[in-house]
Amino acid sequence: MSTYYLTTPIFYVNGSPHIGHAYTAVAADVIARFRRLQGVDTYFLSGTDEHGQKVEKAAAEAGLAPRAFTDAVSGQFRAMLAMLDVSNDDFIRTTEPRHKAGATALWQKLAASGDIYPGHYEGWYAVRDEDFYTEADLTTLADGTRLAPTGAPVEWVREPNYLFRLSAYADRLLAHYEAHPEFVGPAGKRNEMLSFIRGGLRDLSVSRSSFRWGIPVPGDPDQVMYVWLDALANYITALGYPDQTGPLWRFWPADLHLVGKDIQRFHAIYWPAFLMAAGLPVPRRIFAHGWWTRDGAKMSKSLGNVVDPFDLVTKYGVDATRFFLLREVPFGNDGDFSHRALVGRLNTDLANGIGNLAQRTLSLVAKNCEGRLPDAGPRQPADTALLELADALPTVLAGAFERQALHEALDEVWRLVRAADSYIDQMAPWSLRRTDVARMGHVLRVLAEAIRVAAVVLQPFMPASMGRLLDQLGVSADARDLAALQAPLPDGIVLPAPQGVFPRWVEDAGASR
RNA sequence: GGCGACGUAGCUCAGCGGUAGAGCAGGGGAAUCAUAAUCCCUUGGUCGGGUGUUCAAGUCACCCCGUCGCUACCA
């Protein structure tokens, strides 16, 4: 049986979850659920990244010990996943013993092979920002003082550190990119990674001594591991690394690391280099999605326009939220969130679209077929045309999922929904009721089959709603994967009373925005 | 500054050498099974500007204008 291993980034716990985190998690969940629907042995990992200076600082500001702070924030991320119906198989925290042990083993492996060596990092450092800057970022004043872009004065500092021999991997990385054009997506991001590598790779400082909140460097208690080396290791420590004989190790290498575009480089360059150095296969694909703005403006805490995923779900419901995030914008592009846009999708695509289609079909069955699924009859050309569109859907969607073209997958389903609405209008079963009852039944049966296909393939996007729709279509709980679509629904099964799946959003009198 | 991407209907985008497309929004009509939902028809584009290659260019090349991304040790 083929396997599929996909991951979200582990979320950095220096702040609460926002729509960006929800987006990554939902997208990954949809992909994982689709693989399961295909019958693929799937493993889906999420988690939290809890070390580093920023977390140490955020904890101090909150008046908490780092561990107490990360326990709380990590819990918020876990709650977010649960609320969004995200079906991750595991949730790893970098503060867990299993992770620390695995990350330590990885370090030792890299040190043993000579890819980590003692050295020092030096550069322009701004004490006020607690950050290093490159020469190009700096402004030099008349008196020779150099300033960071933030206006903070910088000084040249030299910190003893362990370095990773990244420079030695440029050629191997380029060769890998060459041999695997699909390694990084979208294509534009791949170009950026390539030009970064071609621009020359310098050895990477992989330890820090300026703060304490991290995994200690083996054999050197004065240093902690660089958070990225620590964090990236989660993808293998969750599978049991360094033990490569455990039950989960079969999932390595990962099929897909889904990431936000801001952390592409760490995943597409540093991580594969670490893995090469450790003698492990590299992930098959790294795909970066875009960012959300809010009503056209950048989201930021200071502007106070951050979209809280908990609020979204409370207000619009889980499935409408999930659907909106994936339907509104081509996956990989940036998108804009607005109440208006979300309500537009909710009403047009869900309530007026598939919701209404199912309701009109099922209520005709309820009223005119004694609530039983009518038999399939001889097919007329229009029937065949609609059913062929439906039957092709699983394959078409599989292709879209292969490329993480989630918006395209939805687009394809809606082609079927529109075709079905067109079909029902042309066939007019409400007229056939008086002229040709048998044909009316056959038409409704064709519609039921088409809706069933749509509902099955939409389960990954809207698990709860599509579950309810499949209930109404009389599809048993164990016959809801792609393989089950091969068999027609049993004739004559009794269907429950139809009930709208997606109510229209009606603006309250008092509601603004 | 360097490298790269993009600029197509009001909006969001697809098309990437052979008579300009989709969804939404707008207009007209039909139907009445349905969540006043649906269906059909339709308005709308000198495909950022220019030069060139070609029998033929949103589609290739070059230049210009505009927008955006990357340009490493915060994540």
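If you're wondering where the values come from, they're calculated on a predicted model, not measured in any experiment. Atoms considered below: every heavy atom in the structure, side chains included; atoms not considered: hydrogens, waters and symmetry mates. Throughout, protein chains are lettered first and strands after them, A, B, ... in sequence-line order, and every chain is numbered starting at 1.
Between A:Glu408 and A:Arg403 there is a salt bridge, since at least one side-chain N of the basic residue sits less than 4.0 Å from a carboxylate O of the acidic one. Ion pairing between a basic and an acidic side chain is recognised when a charged N comes within 4.0 Å of a carboxylate O; A:Arg67 and A:Asp71 show such pairing. Checked for salt-bridge contact, A:Asp295 and A:Arg340 miss the test: no charged N lies under 4.0 Å from a carboxylate O. For A:Arg212 and A:Glu56, the salt-bridge test fails: no basic side-chain N is under 4.0 Å from an acidic carboxylate O. Ion pair A:Asp383/A:Arg445 not flagged as a salt bridge, since none of the NZ, NE, NH1 or NH2 atoms sits closer than 4.0 Å to an Asp/Glu carboxylate oxygen. Under the 4.0 Å criterion applied to side-chain N and carboxylate O atoms, A:Arg93 and A:Asp49 are not assigned as salt-bridge partners.
Counting any heavy atom pair closer than 4.0 Å across all strands shown, A:Leu204 reaches a base atom. Within the 4.0 angstrom heavy-atom criterion, base atoms lie near A:Asp203. A:Lys189 comes within 4.0 angstrom of sugar-phosphate atoms only, judged by non-hydrogen atoms across all strands, and of no base. Across all strands, A:Asp336 comes closer than 4.0 Å to no nucleic acid atom at all (heavy-atom distances). A:Trp228 comes within 4.0 angstrom of a base, heavy atoms only. As judged by a 4.0 angstrom heavy-atom cut-off over every strand, A:Ile269 is placed among residues making no nucleic acid contact. No engagement by A:Gly260 is indicated, since no non-hydrogen atom pair under 4.0 Å with the nucleic acid exists.
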Practice item. Any chance you could encode RNA chain B as dot-bracket? Rule is Watson-Crick or G-U wobble with both distances under 3.5 Å; [ ] for pairs crossing earlier ones, | for another strand. Key: ((((((((.[[[[.)..(..]]]].(((((.......))))).....[[[[[..)....]]]]])))))))....
**Study point:** Contact pattern, 5' to 3', of nucleotides 24-36 of chain B - B, S or - by protein heavy atom under 4.0 Å
**Key:** S------SSBBB-
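Checking A:Gly199 against A:Pro330, the closest nucleotide of RNA chain B that is more toward the 5' end is the one next to A:Pro330.
Closest to the side chain of A:Glu192, out of B:rG4, B:rU71, B:rG69, is B:rG69.
Annotation: side chain to side chain donor-acceptor pair (under 3.5 Å) contacts of A:Arg285 (sequence neighbours excluded): A:Gln404.
Between B:rC40 and A:Ser422, a contact under 4.0 Å exists linking OP1 or OP2 to a side-chain N or O.
Looking at A:Arg265, its side chain has no donor and acceptor atom pair within 3.5 Å of the base of B:rA72.
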